[in-house]
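Letters A, B, ... are given to chains in the order of the sequence lines, protein chains preceding strands, and every chain is numbered from 1.
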There are 4 protein chains.
Amino acid sequence: MYFEIDPKKSIPLYEQVIQQVKELCARGLLKPNEKLPSVRDLSSQMLINPNTVSKAYQELERQGIIITIRGRGTFISEELTGYIDPKKTERLQQALKNVIIDSHFAGISEIELKRWTEEIYKKLGGNGDEG
Amino acid sequence: MYFEIDPKKSIPLYEQVIQQVKELCARGLLKPNEKLPSVRDLSSQMLINPNTVSKAYQELERQGIIITIRGRGTFISEELTGYIDPKKTERLQQALKNVIIDSHFAGISEIELKRWTEEIYKKLGGNGDEG
Amino acid sequence: MYFEIDPKKSIPLYEQVIQQVKELCARGLLKPNEKLPSVRDLSSQMLINPNTVSKAYQELERQGIIITIRGRGTFISEELTGYIDPKKTERLQQALKNVIIDSHFAGISEIELKRWTEEIYKKLGGNGDEG
Amino acid sequence: MYFEIDPKKSIPLYEQVIQQVKELCARGLLKPNEKLPSVRDLSSQMLINPNTVSKAYQELERQGIIITIRGRGTFISEELTGYIDPKKTERLQQALKNVIIDSHFAGISEIELKRWTEEIYKKLGGNGDEG
DNA sequence: GTGGTCTAGACCACG
DNA sequence: GTGGTCTAGACCACC
């Protein structure tokens with residue numbers, strides 16, 4: 001498992017950390033109950049400020065994706081709650097709509113975008129056993 | 001044609017304006033060469049500062065979606081460039097991936113997300129002539 | 001002799017008129033003492049506001065390139081003054097420097113820019129007898 | 001490294017800032033990855049509003065000449081893209097033509113203008129190592 | 001009437 | 001400390 005951070009991107013560093021953890025998680029490279037690197041380790045590995053990693057971990061915990069146990073470390077949560085948050089749903093639909101509209105102006109066809117979707121799902125599901 | 005702004009959202013006001021114009025444009029409710037409200041009109045209609053609208057219009061012009069003619073006003077551009085920017089493409093794919101991953105954690109299935117996509121496209125294309 | 005105006009360009013309309021008159025003049029298609037179209041004729045020909053043409057003519061007269069004679073019309077001046085204005089010179093050098101710097105960032109080499117210069121002079125001088 | 005602004009000039013302040021940064025960059029007095037003054041520092045040094053500097057920096061970033069890293073500051077970009085934009089090229093040629101035509105009316109000969117060009121290039125290239 | 005520029009001053013997100 | 005966002009209000013250039 002390794003992380004990649006690009007400080008030049010306009011997206012905040014802690015958001016990049018969040019996205020990476022989520023992606024590794026979704027791809028099965030980080031499994032439930034697996035231990036994450038400590039804040040200090042990850043920050044020195046990524047050459048970023050510990051506060052930045054800490055903020056990312058806090059946000060991930062708030063989203064129920066990881067849990068921290070004092071004195072033991074940080075771990076991937078056991079399971080997803082079956083509950084579907086309607087607010088989150090609405091935000092996601094809005095985000096999807098924005099992607100679709102921007103694609104439209106970028107000259108991406110509906111078919112092309114659906115192909116992208118297929119491919120992303122394939123990549124995520126494909127190596128769940130290899131981690 | 002009317003706009004809606006929610007100052008409580010964390011997304012910047014000028015971004016909301018940009019998204020709304022793009023959406024109205026994509027849905028065909030704003031047609032090429034059509035005049036947009038003046039900066040002053042739109043700002044007073046939305047109860048926001050004229051500079052905020054101005055910033056949104058400038059960004060939309062930079063993206064080639066609208067053009068402004070000195071002393072006359074702001075208009076929807078005539079046509080989209082057929083050119084596909086590889087950088088933009090990559091950013092869009094990344095954005096789509098983030099939506100998919102977040103959907104995963106929100107308990108949204110692949111089938112559900114595809115249904116959303118279908119629906120969004122239907123809404124966009126459906127009323128091009130009714131505006 | 002004909003003019004072309006593009007209201008979409010960010011450069012002001014009256015500036016475009018000024019540039020066109022100057023260029024036609026420099027190319028010899030407008031000769032000293034030649035009569036220019038009246039403000040009304042030119043404005044209706046160009047589909048722009050008479051005030052815009054009027055402003056352009058005023059500025060051209062201020063620069064000594066044309067003169068208006070009440071009741072007779074507007075004419076190209078007889079000759080250039082030999083006097084070289086140091087302020088104008090400095091502004092021109094600054095403008096040239098800006099073009100060169102922007103060319104640099106656009107990836108245009110020194111050789112390429114010099115070739116452009118040659119070509120522009122050739123085009124200007126080439127048809128002085130054909131007008 | 002120091003900047004000079006003349007509020008009396010008709011050219012917008014933020015444009016003057018842009019030009020200065022570009023020139024220092026082209027002359028090698030600002031090198032890739034070098035840090036620029038912070039928005040606040042530069043604005044107080046120039047006695048202009050921070051927003052004005054900010055606008056200049058944003059435009060420079062849009063042009064790919066500088067990059068800003070959240071919370072760390074603003075830096076000269078690493079490299080120029082080799083890509084040559086045809087639209088930019090056309091705009092530059094037009095600008096060069098205008099300079100040449102205006103020089104003509106100011107009594108500047110072709111030889112003189114070429115000498116200027118030589119000199120500007122010499123100044124730009126000459127002190128890349130002295131900064 | 002239109003948009004463009006600039007100022008002053010406030011608050012927030014980020015590292 | 002860094003830049004980003006927003007407001008309020010002024011003045012100007014253009015058509």
Side-chain angles (χ1 to χ4, degrees), chain A residues 5 7 9-17 43 46-56 59, chain B residues 5 7 9-17 35-43 46-61 66-75, chain C residues 5 7 9-17 43 46-56 59, chain D residues 5 7 9-17 35-44 46-59 61 66-75:
Chain A
I5 286 291
K9 282 193 177 164
S10 63
I11 165 174
L13 294 184
Y14 81 92
E15 275 287 0
Q16 294 186 45
V17 177
S43 66
M46 286 179 161
L47 304 173
I48 60 180
N49 194 302
N51 290 331
T52 307
V53 176
S54 181
K55 182 165 183 182
E59 175 63 16
Chain B
I5 285 290
K9 282 191 179 167
S10 64
I11 166 174
L13 296 181
Y14 79 92
E15 276 288 358
Q16 294 185 45
V17 176
K35 192 176 184 303
L36 287 165
S38 80
V39 169
R40 288 163 174 75
D41 282 358
L42 190 51
S43 66
M46 287 181 162
L47 305 173
I48 60 179
N49 191 287
N51 287 332
T52 305
V53 175
S54 184
K55 183 169 183 179
Y57 276 14
Q58 280 173 25
E59 174 64 15
L60 282 163
E61 178 160 28
I66 65 177
I67 64 170
T68 96
I69 302 181
R70 322 261 289 198
R72 292 211 22 229
T74 307
F75 305 82
Chain C
I5 287 290
K9 282 192 180 166
S10 63
I11 166 174
L13 294 184
Y14 81 92
E15 275 288 0
Q16 293 185 46
V17 177
S43 65
M46 287 181 162
L47 304 173
I48 60 180
N49 194 302
N51 289 331
T52 307
V53 176
S54 181
K55 181 165 183 181
E59 176 62 17
Chain D
I5 285 291
K9 281 191 179 168
S10 64
I11 166 175
L13 296 181
Y14 80 91
E15 275 288 358
Q16 294 185 45
V17 177
K35 190 176 186 303
L36 288 166
S38 80
V39 168
R40 288 163 174 77
D41 283 358
L42 190 51
S43 67
S44 71
M46 285 180 162
L47 304 175
I48 60 179
N49 190 287
N51 288 331
T52 306
V53 175
S54 183
K55 183 169 183 179
Y57 277 13
Q58 280 173 25
E59 174 63 16
E61 179 160 27
I66 67 177
I67 63 169
T68 96
I69 302 181
R70 321 261 293 200
R72 294 214 16 231
T74 307
F75 304 82

Short side-chain N/O contact from D/Thr74 to OP1 or OP2 of F/dG3, under 4.0 Å: yes
Rounded distance in Å - CG (B/Leu42) to C1' (E/dG3): 13 Å
Gap separating the CG atom of B/Leu13 from the CD1 atom of B/Ile5, nearest 0.5 angstrom: 6.0 Å
Phosphate OP1/OP2 of E/dT2: any B/Thr68 side-chain N/O under 4.0 Å: no
Interatomic distance, C/Lys9 NZ vs E/dG3 C1' [rounded to whole Å]: 20 Å
Nearest-angstrom distance from the residue atom NZ of D/Lys35 to P of F/dT2: 6 Å
D/Lys35 versus D/Arg72, closest heavy-atom pair with distance: CE-O, 3.4 Å
Polar-atom pairs under 3.5 Å, protein N or O versus N or O of nucleotides 9-12 of chain F: list them with distances, or write none.
{"from": "F/dG9", "atom 1": "O6", "to": "B/Asn51", "atom 2": "ND2", "distance (Å)": "3.1"}

Test item: B/Met46 and B/Thr52 side chains (from C-beta on) under 4.5 Å apart, heavy atoms: no
Pairs meeting criterion salt bridge (Lys or Arg N to Asp or Glu O under 4.0 Å) with involvement of residues 46-57 of chain B, two or more places apart: none
Atom pair distance, as rounded to whole Å: CD in B/Glu61 and C1' in E/dG4: 11 Å
Intra- and interstrand pairs of DNA chain F - dot-bracket, Watson-Crick/G-U under 3.5 Å, | marks other strand: ||||||||||||||.
Sugar-phosphate only, base, or nothing, as touched by B/Ile69 at under 4.0 Å among non-hydrogen atoms: nothing
Short side-chain N/O contact from A/Thr52 to OP1 or OP2 of E/dC14, under 4.0 Å: no
Short side-chain N/O contact from D/Gln58 to OP1 or OP2 of F/dG4, under 4.0 Å: yes
Given DNA chain F, 5'-ward residue of the pair D/Arg72 and B/Arg72, judged by closest heavy atom: D/Arg72
Which residue lies more 5' along DNA chain F, comparing D/Gly73 with C/Lys55 via nearest heavy atoms: D/Gly73
Under-4.0 Å side-chain N/O to phosphate OP1/OP2 contact, B/Tyr14 with F/dT5: yes
Heavy-atom pair of closest approach, residues B/Val39 and B/Pro50: CG1-O, 3.4 Å
